[in-house]
Enquirer: 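The structure that follows is given in the form of structure tokens.
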Number of protein chains: 2
Amino acid sequence: MPTASPSFQPVAQQGIGQPLYRVVMRRLLGAIESGDLEPGTALPSERVLASQFEVSIGTLRQAVGELVAGHILVRRQGRGTYVAQHNAERFLFQFFHVERTDGLREVPELETLSFERGHLDEEQADALQTRAGSAAITIENRLRLQGRPVVLDRLTLPAAMFKGLTESRLRSRPSTIYRFYQDEYGITVARALERVRAVAADRHVARQLGVVPGAPMLQVRRTALSIGDKPVEYRVSTISTGLHEYVHSLTRPA
Amino acid sequence: MPTASPSFQPVAQQGIGQPLYRVVMRRLLGAIESGDLEPGTALPSERVLASQFEVSIGTLRQAVGELVAGHILVRRQGRGTYVAQHNAERFLFQFFHVERTDGLREVPELETLSFERGHLDEEQADALQTRAGSAAITIENRLRLQGRPVVLDRLTLPAAMFKGLTESRLRSRPSTIYRFYQDEYGITVARALERVRAVAADRHVARQLGVVPGAPMLQVRRTALSIGDKPVEYRVSTISTGLHEYVHSLTRPA
DNA sequence: CCCAATTTGTTCGTATGTATA
DNA sequence: TTATACATACGAACAAATTGG
């Protein structure tokens, strides 16, 4: 059972060619992955952490700084350092998102169309780095912006990682779906791989998004990876870009 | 005239509420923007820089570290710190790129279809943060992958920033176009804003890329920004995603 | 091949400033 | 006001990589 403030053992001289701050990083990452450090909780102060790991404050800060850069931790001067939590704001600046052509951003209104259990096909298994035929959960969501249906999402989850997931639990979640993964299954989506193409709307898409069959649609295939780089979700998003666009700013400013 | 190793003045107590390392950062950025530090050149060593700025080695390293994180500088242990240069490899990991569905990456073969001087329309002026009607250069390029035409690029450049640019100079460039901006005009593309949508191929696109009119195409509108965040290029790319995809990995690994 | 000089990388520790509760 | 936390700045010492002799 996780304590509010876990204590760490000294890093000693583990990993001969490995810099100390990297050993500290991996210890912190491991504590998050294992659930010892839960999202939203505060880490012990830098002084305390440094003394627990038996490294200098500077080395400790270097380790924490890299995790902050990777959006794994969040530092707040005067308050403390926290395990990052998923929320709508983080999503907007860390991942791609859809916004109106004039730049208006809005939190989409989500509607779950279907929730089914089945088995992974070749494409899904390849993306999730597991074998075809293993148990999976497939969810179809429709997102509305300004009341208009804009995105149709088909999510595929490995059932082994989401034991006990039911449609009603999913529907009754209070926040974003990545926050739901975090809170209910201890799974943090740290980064994503995306492949984008243009396709013609099929009948299903056309009906759900109110476009004519054959209309050009954006198709985004996203593999979401956990902190340990395990694939946790494969998502195919079909986006109507008549009034909206898929946006991101590349590389952070200096 | 730029010297090989410029010398810097002490930062003293400029900018009261400004951390020293940020003042150092801005000095280095200014030296790159002004051309005192040319891309590819080595900076003075950290000890020398620290003594020139009259800051500690640690403060100097913090400033340099942030610029390295922003891909402005490159550090090489045992050799020195260099002003980053654009090349095909950097492009692949810093920006989006097109690759074959099976993941094969290849440096595209580029063909310049047209080079014209004209004036900015509203959309272009808006993207380049200048006024409509000002002088502009419009270039159309076609990119081939595995011999197949895949991308049609229409580049719009503010003529004021690219004085003396001619079609023959552009065609005879030895490297990538961003490297060309760097070498010939001292303009470094530091980051980009992209907006993606799906459109139907018009007759021109269909002819140039060998697709049927009306086929779904990916359209990427990119505004490239310099180190000082000035827009330097507006590019509309039309991509045939039958055999290829638009790819990027989001957020760096921890 | 080895050595020496140079440069960045890592680690240490201290002191002081700023933000928060 | 006080206490605590992170932020900034300093500087020293040694390790690791590179280069040139």
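Just so you know, these numbers come straight off a predicted model, no measurement behind them.
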Enquirer: Without decimals, in angstroms, what is the distance between E54(A) CD and dT11(C) C1'?
Expert: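 These atoms are roughly 15 Å apart.
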Enquirer: Is the shortest heavy-atom distance from the side chain of V24(A) to the side chain of R27(A) under 4.5 Å?
Expert: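 No; the side chains remain at least 4.5 Å from each other.
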Enquirer: Report all interatomic pairs (protein N or O, nucleotide N or O of nucleotides 4-8 of chain D) with separations under 3.5 Å.
Expert:
from, atom 1, to, atom 2, distance (Å)
dC6(D), OP1, T81(A), N, 3.4
dC6(D), OP1, T81(A), OG1, 3.1
dC6(D), OP2, E46(A), N, 2.7
dA7(D), OP2, R61(A), NH1, 2.9
dA7(D), OP2, R61(A), NH2, 3.1
dA7(D), OP2, R75(A), NE, 2.9
dT8(D), OP1, Y21(B), OH, 3.2

Enquirer: CD1 of I57(A) versus P of dT16(C): gap in Å, rounded?
Expert: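 I57(A) atom CD1 is separated from dT16(C) atom P by 17 Å.
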Enquirer: Any non-hydrogen side-chain atom of V236(B) less than 4.5 Å from a side-chain atom of D153(B)?
Expert: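 No - every pair of side-chain heavy atoms lies 4.5 Å or more apart.
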Enquirer: Is S56(B) close enough to dA9(D) that one of its side-chain N or O atoms is under 4.0 Å from OP1 or OP2 there?
Expert: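 S56(B) to dA9(D) OP1/OP2: no side-chain N or O under 4.0 Å.
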Enquirer: Any salt bridge linking E66(B) with R61(B)? Criterion: basic side-chain nitrogen under 4.0 Å from a carboxylate oxygen.
Expert: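 Looking at R61(B) together with E66(B), the answer is no, because their closest N to O distance does not fall below 4.0 Å.
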Enquirer: Whole angstroms only, please: what is the OH-C1' distance between Y82(A) and dT20(C)?
Expert: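 For the pair Y82(A) OH and dT20(C) C1', the rounded distance is 9 Å.
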Enquirer: Would you call D229(A) and R191(A) a salt bridge, taking side-chain N to carboxylate O under 4.0 Å as the test?
Expert: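 Looking at D229(A) and R191(A), the cut-off is met.
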Enquirer: Do the side chains of R75(A) and E46(A) get close enough for a salt bridge, i.e. N-O under 4.0 angstrom?
Expert: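 Looking at R75(A) and E46(A), the cut-off is met.
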Enquirer: Taking E194(A) first and then R221(A), would you say they form a salt bridge - that is, a charged N and a carboxylate O separated by under 4.0 Å?
Expert: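 So E194(A) does not pair with R221(A) through a salt bridge.
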